Q: 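Below you will find the structure I want to go over with you.
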Amino acid sequence: MIEIQNLSKVYRMGEHEVHALRGVTLSIEPGDFVAIMGPSGSGKSTLMQILGLLDTPTSGSYKILGREAAGLDDDELAVLRRETVGFIFQQFHLLARMSAEENVMLPLFYSGRSASEPNRAAHLLDQVGLASRKGHRPNEMSGGQQQRTAIARALVNDPSIVFADEPTGNLDSQSEIEIMAILRDLNERGITVVIVTHEEEIGRQAKRLIRMRDGVIQSDERLESVNGQREIEPDSTIDGGNRGADRVRPGLNESSRASSGTPIWMHFQQGFRTLWANKIRTALSVLGILIGVAAVVAMLALGRGAQAAIESQLSSLGSNLLVLRAGASRMGGVAQEAGSTAKLLPEDADAVLAEIDGVRMVAPSVNGRVQTDFGNKNWNTQVTATTTAFEAMKNSTPIIGRFFTDEENLKRARVAVIGATVVRELFGTANPIGEMIRVNRISFQIIGVLPEKGASGWRDQDDVIIVPLFTGMYRLLGKTYVESIDIEMKPGLDSKPIEASVIELMNLRHNIREEKTDGAFSIRNMADLQAALSQSSRTMSMLLAAIAGISLLVGGIGIMNIMLVSVTERTREIGLRKAVGAQSRDILLQFLTESLVVSAIGGSAGIVIGVSAVLILKSVTGWTMEITASSILMSFSFSATIGLVFGLYPARKASFLNPIVALRHD
Ligand code: ADP
Ligand code: MG
């Protein structure tokens with residue numbers, strides 16, 4: 001059953017080496033009950049771990065059920081381990097967050113048998129006398145009960161050998177008696193048992209007593225013959241013996257086939273179970289991702305909305321537009337009035353159109369604040385007096401009614417085209433066309449309603465009245481000059497030469513002498529303004545994206561913290577899972593599904609919360625915010641990546657640990 005030849009184990013600790021086993025040769029027959037005794041540090045545990053396929057020897061040969069185990073790699077050992085041996089630890093090593101039954105079922109999960117034998121764990125708990133404790137967690141049970149649960153777990157895959165390393169070392173004497181009774185009972189039913197103990201009394205209960213000292217076997221005493229063997233020989237359970245692993249129980253081959261692929265849904269199930277068992281940790285991880293994703297969704301929406309708002313406003317200005325004013329230009333757009341001697345006249349606009357090549361349309365204008373009223377409603381608004389070219393240049397063709405004509409301008413007709421806000425304030429939902437309103441106590445007839453342009457950050461573009469230039473200048477605002485002349489160039493022209501000739505023409509027309517020409521007239525180029533504004537809006541969205549990125553990163557660091565904090569507990573958990581037969585791949589898959597579930601839940605909740613935050617902000621503040629599919633996708637995948645990377649890193653590290661090292665981690 002077990003043949004070891006000249007086995008040695010050397011632990012390397014930095015510089016020096018510890019020779020824990022120095023050439024042990026031993027064979028164990030099927031059905032035997034072997035006790036190993038010896039002083040502390042004599043290599044008992046080391047031997048047991050190698051025998052139990054939890055560790056590999058430095059040199060020598062180890063044959064179990066006819067198979068050489070010394071050269072096997074980690075994953076091959078895991079498969080052999082779960083098919084042939086059960087291991088009972090002094091410290092029980094139950095998973096704290098799982099019930100007794102779930103703990104017992106754990107090895108079945110890795111051998112692929114949990115689906116086919118759903119009642120097996122309950123049955124085994126029954127056999128060790130814990131039928132009433134199935135749902136209890138380890139911390140709700142006594143030490144003896146925990147160890148009995150661990151024994152049930154060791155038996156769940158039908159091992160032919162059970163190893164127990166000081167199984168009663170942490171227990172009271174009553175529990176010790178119970179555990180020994182169970183082990184003897186197992187042996188009577190044909191299972192080979194190897195136990196380490198330092199209590200003479202317990203060692204004496206075995207059929208064979210081996211004493212060790214300083215890594216070698218000192219004595220080997222037969223206390224009782226392996227007489228159970230005859231009775232159990234017909235039972236195929238231990239029939240394999242030294243005759244070869246291919247003759248082991250039929251169930252084994254079946255399970256080894258299943259082992260090559262534990263179905264993905266079972267990993268999900270396992271992942272969900274672990275997540276559910278660690279609710280607070282899970283909730284914190286979810287929260288980290290949630291905050292990150294929500295912040296990214298909201299920030300991106302805000303940035304994009306701002307950009308879109310600025311762009312739509314700019315496009316309504318027109319990119320071939322120059323604005324000519326008297327006086328030096330000033331940031332903020334209001335031309336200097338005081339101190340500038342020159343005044344622009346309506347005729348200047350005609351001259352620009354007639355004399356300068358490349359100019360397509362011109363629209364002189366004056367502006368002012370006016371009080372309007374209709375019936376018992378009144379409203380203070382802005383009036384723009386301009387010419388008919390304004391309609392085409394500023395995309396202002398009325399949605400209902402019409403724009404005024406050149407003739408009406410010349411006649412100083414009292415007609416007005418009004419913006420949507422003015423309509424709402426004065427008329428509510430009624431049709432304003434044809435109605436007479438009073439503007440600064442002068443009656444005007446409404447002839448058209450402007451298309452809605454929306455609010456920009458600093459001004460409502462729909463809160464405006466447009467009247468003919470001469471009407472506005474002479475009847476309404478009492479001005480004999482125009483404040484600005486909008487000039488639209490033919491498309492595709494370079495604006496600089498045109499700007500220069502316009503200025504030159506103005507200086508000429510207004511007799512500005514050479515030395516004073518500087519600053520008498522100025523031109524603002526909308527294309528430049530547009531470029532500057534969209535540059536700053538891009539900067540702003542990048543800033544917002546950076547803030548969002550930082551919050552994602554903070555969320556990620558939060559997750560990493562939680563993962564690091566739990567790494568101790570998880571390292572032992574991983575050690576235990578490997579000890580009961582999990583391969584590295586199983587461990588990785590488990591953590592992958594856990595991270596995926598956390599990221600998916602956190603990400604979806606983050607999107608829902610981010611989108612609701614955007615909608616609420618939008619309705620409360622009236623900001624333009626734009627949610628795009630790409631921003632949602634981006635934040636989701638980013639958070640998923642963070643979750644995966646930070647979640648997988650510790651798992652990956654631990655999945656390569658040898659199970660004993662992982663189990664000893666603290
Ligand atoms: P026992 O179980 O008989 O008390 P062990 O097998 O645990 O003895 O240890 C045998 C020797 O190997 C001891 O000297 C111990 O300090 C050393 N040893 C055990 N495990 C390790 C390890 N992981 N790293 C380094 N030395 C170890
Ligand atoms: Mg020990």
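The model shown is predicted, which means the values in this text are computed figures rather than measured ones. Both ligands and their constituent atoms are indexed starting at 1 by order of listing.
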Q: One thing to verify: whether Arg184 and Glu188 come together as a salt bridge, which I'm taking to mean a side-chain N less than 4.0 angstrom from a carboxylate O.
A: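 Arg184 and Glu188: not salt-bridged.
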
Q: Does atom 23 (N) of ligand 1 have any protein heavy atom closer than 4.0 Å?
A: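 Protein heavy atoms within 4.0 Å of atom 23 (N) of ligand 1 - there is at least one.
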
Q: Output the list of atoms in ligand 1 that are nearer than 4.0 Å to some heavy atom of Met13, sorted by atom number.
A: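 Checking each atom against Met13, I get 25 (C), 26 (N).
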
Q: Counting heavy atoms only, which part of Thr46 comes closer than 4.0 Å to ligand 1: side chain, backbone, both or neither?
A: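 Both parts.
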
Q: Does Lys63 come within less than 4.0 Å of Glu68, counting only side-chain N to carboxylate O?
A: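 Salt bridge absent between Lys63 and Glu68.
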
Q: Can you tell whether the side chains of Arg208 and Glu221 come within less than 4.0 Å, N to carboxylate O?
A: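 No, this pair does not count.
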
Q: Counting non-hydrogen protein atoms only, what is the nearest one to atom 8 (O) of ligand 1? Give residue, atom name and distance.
A: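 I find the closest protein heavy atom is Gly43 N, 3.3 Å.
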
Q: Under 2.8 Å from the Mg ion (ligand 2), can any N, O or S atom of Thr46 be found?
A: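 Checking Thr46: none of its N, O or S atoms is under 2.8 Å.
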
Q: Begin with the C-alpha distance, continue with both residues' side-chain angles, and end with the deciding distance and a verdict on salt bridge (charged side-chain N to carboxylate O under 4.0 Å, His left out) for Glu17 and Lys9.
A: CA-CA 10 Å; Glu17 299 177 338; Lys9 176 75 181 178; over 6 Å; no

Q: Considering only heavy atoms, does Met212 approach ligand 1 within less than 4.0 Å through its side chain, its backbone, both, or neither?
A: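 Looking at Met212 and ligand 1, no heavy atom falls under 4.0 Å.
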
Q: In terms of side-chain geometry, is the basic nitrogen of Asp75 or Arg81 positioned less than 4.0 Å from the acidic oxygen of its partner?
A: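 A salt bridge is absent here (no side-chain N lies under 4.0 Å from a carboxylate O).
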
Q: Find all atoms of ligand 1 within a distance of less than 4.0 Å from any non-hydrogen atom belonging to Ser40, and give their numbers and elements.
A: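 By the 4.0 Å cutoff, the relevant atoms are 4 (O).
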
Q: Tell me, which protein residue and heavy-atom name are nearest atom 27 (C) of ligand 1, and how many Å apart are they?
A: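 Closest protein heavy atom to atom 27 (C) of ligand 1: Tyr11 CD1, 3.2 Å.
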
Q: Report yes or no: does a heavy atom of His19 sit under 4.0 Å from some atom of ligand 1?
A: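 No; His19 lies far enough from ligand 1 that no heavy-atom distance drops under 4.0 Å.
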
Q: Check this for me, if you would: do Lys578 and Asp586 make a salt bridge, where the nitrogen-to-carboxylate-oxygen distance has to be below 4.0 angstrom?
A: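 Salt bridge flag = no for Asp586 with Lys578.
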
Q: Among all protein heavy atoms, pick the one closest to atom 15 (C) of ligand 1 and tell me residue, atom and distance.
A: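 Heavy-atom neighbour on the protein nearest atom 15 (C) of ligand 1: Val18 CG1, 4.7 Å.
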
Q: Would you say Ser42 touches ligand 1, if touching means a heavy atom closer than 4.0 Å?
A: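 It does; at least one heavy atom falls under 4.0 Å.
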
Q: Between Arg120 and Asp126, is there a salt bridge with N-O shorter than 4.0 Å?
A: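 Answer for the salt bridge query: no.
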
Q: Roughly how far apart are Ile151 CD1 and Phe92 CZ, rounded to 0.5 Å?
A: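 Atom-to-atom, Ile151:CD1 and Phe92:CZ are 10.0 Å apart.
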
Q: Which one of Gly41, Ala20, Ser45, Gly215 has a non-hydrogen atom at the shortest distance from atom 4 (O) of ligand 1?
A: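 It is Gly41 that holds the nearest heavy atom.
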
